[in-house]
There are 2 protein chains.
Amino acid sequence: MRWAPDARGRLERAAFDLFGEQGYAATTVPQITARAGLTTRTFFRYFADKREVIFGGDEIPRAAARLISEAPPELEPIDVIRLVLDEVAATRFDGRREETAAWRRMINADDSLRDRDARKRADLVAAARTAFVDRGEAQRSATIFAETGALIFHVALDAWLAEPEARPMGDTIAEIMTWVCVRRLEGTPLGS
Amino acid sequence: MRWAPDARGRLERAAFDLFGEQGYAATTVPQITARAGLTTRTFFRYFADKREVIFGGDEIPRAAARLISEAPPELEPIDVIRLVLDEVAATRFDGRREETAAWRRMINADDSLRDRDARKRADLVAAARTAFVDRGEAQRSATIFAETGALIFHVALDAWLAEPEARPMGDTIAEIMTWVCVRRLEGTPLGS
DNA sequence: GTCTATATCGCGATAGAC
DNA sequence: GTCTATCGCGATATAGAC
């Protein structure tokens, strides 16, 4: 056949290998595509820019939105957050602490990656907000719940990665959640 | 004198004018510097990149950190947040709703500006966290208070700009704050 | 200040899949 | 045949090096 399969996967692997060897900034797109046996132009067909190789496109916002939609309708929003975060922690982070820490180190070492990382969090909030609205939340409460979920998750991820001993990330999340409480007050008089 | 004064201000004004006329993405740095009567190189001496003309450098994180440090030491963190946000609202936003809305529209219209905007929020959180630590908060609680302050501020700003009638931004902030509560639980047994 | 590398993207051609 | 992935070439702006 004319093209080797899985061009996207080859680009991702070549990129991560090179980033590991030389660092993110020192690696050029032509180097990545040369290693993957493709052209520079092809890289930009799969990834909007060089930063996007690091982040999984919109996979995370989509997964979060799906989990929120599928949560039992009778759950309070804060319990939806708990459910979603526990699921995410168990399936995507437990057992991958070292890889995750290395990934975070790479992001934190580069300014343009920190920009994009912050943007990804905003995208996650936007997707979660929509999902909460679909559950019947008002715009404003949906926004606050989405923001709060992202807050808990990011604080917990940082804390979990900083802990001396590996333990289930859900434990860290539970600790953070005891700290933050969000009350639904829509419609109640101000100051109540 | 050899150089016309206020190169930075001229660059900012030229940039905003051109962004208004042609849009952000369609405006090149050489166009900006030509209008300001300066060279491209000079632009990058004042601004790290093209996006930074839009944001005020690290002025906002610095101001927030200063306000947190100067708040009366006996205040609870959530009341420090209230104080700081009210001050910021009154001095920087009240009476500038239209400019602020236009500024937000410009940011939301461009992907690279959304990246940077999200990053600026992260920088603000980092500065506020440090300031809370200086007040004697533990790392983890400082992080949560800083994140919560940023959350309230951003939700309130969005809401305030979306309101049909202009009113003091502090009123919107007060409404949002009745929604979000943060408890200091460091040192208490888990599950309490 | 000048020079240059590199990211980024548009366009037309082409090769194989269905 | 049409559709899609890929290529090759080129143009331009940002951003950093010298």
Side-chain angles (χ1 to χ4, degrees), chain A residues 1-19 21-55 57-58 106-107 109-120, chain B residues 1-8 10-12 14-55 57-58 106-107 109-120 123:
Chain A
M1 78 190 87
R2 170 120 189 263
W3 297 292
D6 193 23
R8 187 191 183 94
R10 279 186 293 145
L11 286 169
E12 277 174 355
R13 279 187 294 277
F16 271 92
D17 289 351
L18 284 162
F19 294 161
E21 293 164 22
Q22 323 175 330
Y24 170 83
T27 302
T28 70
V29 174
Q31 284 174 342
I32 296 167
T33 52
R35 184 169 294 200
L38 295 164
T39 66
T40 301
R41 192 67 190 79
T42 304
F43 180 93
F44 288 103
R45 226 168 258 113
Y46 284 102
F47 305 101
D49 55 44
K50 190 177 149 190
R51 277 149 265 160
E52 282 296 303
V53 199
I54 310 289
F55 302 93
D58 60 351
M106 184 161 108
I107 291 169
D110 183 274
D111 263 345
S112 71
L113 292 179
R114 297 177 102 172
D115 277 30
R116 182 56 52 85
D117 184 54
R119 164 66 182 284
K120 290 291 173 180
Chain B
M1 75 193 85
R2 172 108 182 264
W3 296 289
D6 192 24
R8 186 191 182 93
R10 278 186 294 144
L11 285 168
E12 279 173 354
F16 273 92
D17 289 350
L18 284 163
F19 295 162
E21 292 165 22
Q22 322 175 331
Y24 170 82
T27 302
T28 69
V29 174
Q31 284 174 342
I32 296 168
T33 51
R35 183 168 294 198
L38 297 164
T39 67
T40 301
R41 184 67 182 77
T42 306
F43 180 93
F44 288 104
R45 252 198 284 282
Y46 286 101
F47 305 100
D49 56 41
K50 189 177 146 190
R51 277 151 256 153
E52 284 297 303
V53 200
I54 309 290
F55 302 94
D58 61 350
M106 184 161 106
I107 291 168
D110 183 272
D111 264 344
S112 71
L113 291 179
R114 298 177 104 176
D115 277 28
R116 182 56 52 84
D117 183 55
R119 164 65 180 282
K120 290 292 175 181
D123 289 347

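In this text the structure is predicted, and so the values were computed from the model without any measurement.
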*Do the charged groups of A/Arg51 and A/Asp117 touch, with an N to O distance under 4.0 Å?*
no
_So if I take every side-chain heavy atom of A/Thr28 and compare against D/dC7, C/dG1, C/dA7, which nucleotide ends up nearest?_
C/dA7
*Given atom CD1 of A/Ile32 and atom P of C/dT8, what is their separation to the nearest angstrom?*
10 Å
_Rounded distance [0.5 Å steps], OH in A/Tyr24 versus CZ in A/Phe16_ = 10.5 Å
Atom pairs, protein N/O to nucleotides 15-18 of chain D N/O, distance under 3.5 Å:
unit_1: D/dA15; atom_1: OP1; unit_2: B/Arg51; atom_2: NH2; d: 2.8
unit_1: D/dA15; atom_1: OP2; unit_2: B/Lys50; atom_2: N; d: 3.2
unit_1: D/dA17; atom_1: N6; unit_2: B/Arg41; atom_2: NE; d: 3.2

*For A/Phe47 and D/dT6, give me the distance from atom CZ to atom P, rounded to whole Å.*
11 Å
*Rounded distance in Å - CD (A/Gln31) to P (C/dA5)*: 14 Å
_Applying a 4.0 Å non-hydrogen cut-off, can you work out what A/Thr27 is touching in the nucleic acid: base, sugar-phosphate, or nothing?_
sugar-phosphate
*Got a donor-acceptor contact below 3.5 angstrom from the A/Lys120 side chain to the A/Gly57 backbone?*
yes
*Lys/Arg cation over aromatic B/Phe44: B/Lys50, 6.0 Å, 45° cone*: no
*asked:* Using the side chain to side chain contact (heavy atoms under 4.5 Å, CB included) definition, which of the options A/Asp6, A/Ile54, A/Val53 pairs with A/Glu12?
replied: A/Val53
*asked:* In whole Å, I'd like the distance from the CG atom of A/Leu11 to the P atom of D/dC7.
replied: 9 Å
*B/Thr27 (side chain) donor-acceptor with B/Gly23 (main chain) under 3.5 angstrom*: yes
*D/dT6 phosphate, OP1 or OP2, under 4.0 Å from A/Thr42 side-chain N/O*: no
*Distance, rounded to the nearest Å, where B/Ile54 contributes CD1 and D/dT14 contributes P*: 13 Å
*Whole angstrom is fine here: how far is it from CZ in B/Phe43 over to P in C/dT2?*
18 Å
*Base, sugar-phosphate alone, or nothing: which one does A/Tyr46 contact when heavy atoms must sit under 4.0 Å apart?*
sugar-phosphate
_Position toward the 5' end of DNA chain C (nearest nucleotide), A/Ala25 or A/Arg45_ = A/Ala25
*Got a sec, which residues hit side-chain contact (heavy atoms from CB on, under 4.5 Å) with A/Arg114, two or more places apart in sequence or on another chain?*
A/Asn108, A/Asp111, B/Arg119
*Using whole Å, report how far CG of A/Asp6 lies from C1' of D/dT6.*
15 Å
